[in-house]
Amino acid sequence: LAGPQRTEREKARDVSRHPLQTLEFFGLRDDMTVVEISPGGGWYTAVLAPVLRDRGKLFVVGGDPNGDPKSEGTQNAKELWARFQATPAAFDKVQAIVVKDDAPWVFGAPESVDLVLTFRNFHNWVGGPMVDKVLGAAFAALKHGGVLGLVDHRATPGTPADPKVIDATGYVPQDYVIEVVEKAG
């Protein structure tokens with residue numbers, strides 16, 4: 001957590017994001033194969049990469065850095081890979097899984113992954129085919145007994161699971177997330 005691969009701004013957020021406790025809760029070990037879906041700027045990637053560098057594997061699932069320059073996924077991928085190249089001592093073993101909306105998503109060979117993680121992304125997938133695509137790929141790649149670690153903003157209990165409300169607020173009812181995940185496998 002204190003490594004030079006993390007910015008001071010990232011480290012300052014530790015008090016609210018609790019990365020150590022979160023990753024311990026999900027059972028992270030340094031010998032795991034881990035997939036991080038939609039890493040954005042790499043806030044959690046910067047924590048995961050050094051932990052997994054020597055004994056484990058880290059795959060990040062995102063857009064194509066050579067894709068449509070107007071695409072948010074392309075822009076995020078370019079920025080993330082520039083970050084990796086700037087700090088190879090931490091990120092040189094991180095592997096990319098490029099996904100495209102018009103193709104099936106695969107996060108690894110069947111039952112090859114110990115832990116699939118995503119942070120503050122689930123609310124973006126609600127109300128369309130994306131949630132099924134993401135969860136289908138996650139469960140196909142997870143080993144028997146593997147863990148899907150999902151972090152997002154939790155709506156007040158009793159809040160309706162209306163995709164428009166979720167999209168507008170970014171807050172997801174916990175019972176809805178559990179229902180969708182269980183339905184997916």
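In what follows, residues are counted from 1 in the order of the sequence shown.
The number of heavy atoms from other shown groups lying within 6.0 Å of NZ (Lys57) does not exceed 12.
Ring planes of Tyr171 and His153: tilted class, angle from 30 to 60°. Using a 30° and 60° split on the angle between ring planes, Phe119 and Tyr44 fall in the parallel class, below 30°. Ring orientation note: the planes of Trp81 and Phe84 are nearly perpendicular, at an angle over 60° on the 30°/60° scale.
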| task | Please lay out, stage by stage, how Leu135 and Val131 fare under the test side chain to side chain contact (heavy atoms under 4.5 Å, CB included). | result | CA-CA 6 Å; Leu135 294 177; Val131 72; 3.9 Å; yes
| task | Go through the steps to decide whether Phe59 and Val94 satisfy the test side chain to side chain contact (heavy atoms under 4.5 Å, CB included), and finish with yes or no. | result | CA-CA 6 Å; Phe59 296 89; Val94 177; over 6 Å; no
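Annotation for Ala137 and Trp105: closest pair CB-O, 3.4 Å, computed over non-hydrogen atoms. When all heavy atoms are compared, the tightest approach of Val98 to Pro65 is CG2-CD, 4.4 Å. Closest non-hydrogen pair, Asp14 versus Pro19, comes out as OD1-CG, 3.5 Å.
Because its NZ or CZ atom is both nearer than 6.0 Å to the ring centre of Trp43 and within 45° of the ring axis, Arg6 counts as a cation-pi partner of that residue.
With salt bridges taken as basic N to acidic carboxylate O contacts below 4.0 Å, one links Asp31 and Arg29. Looking at Arg120 and Asp152, no side-chain N of the basic residue comes within less than 4.0 Å of a carboxylate O on the acidic one, giving no salt bridge. Between Arg53 and Asp92 there is a salt bridge, since a side-chain N of the basic residue sits under 4.0 Å from a carboxylate O of the acidic one. Salt-bridge annotation for Arg83 and Glu10: present, with a side-chain N of the basic residue lying under 4.0 Å from a carboxylate O of the acidic one.
Under the 3.5 Å distance criterion, the side-chain polar atoms of Thr159 are left unmatched by any main-chain donor or acceptor of Ala155. No donor-acceptor pair under 3.5 Å is formed between the side chain of Asp114 and the backbone N or O of Met32.
In this structure, a donor-acceptor pair under 3.5 Å is absent between the side chains of Thr87 and Gln5.
Exactly one of Thr45, Asn121, Val61 qualifies for a side-chain contact (heavy atoms from CB on, under 4.5 Å) with Glu36. That residue is Thr45.
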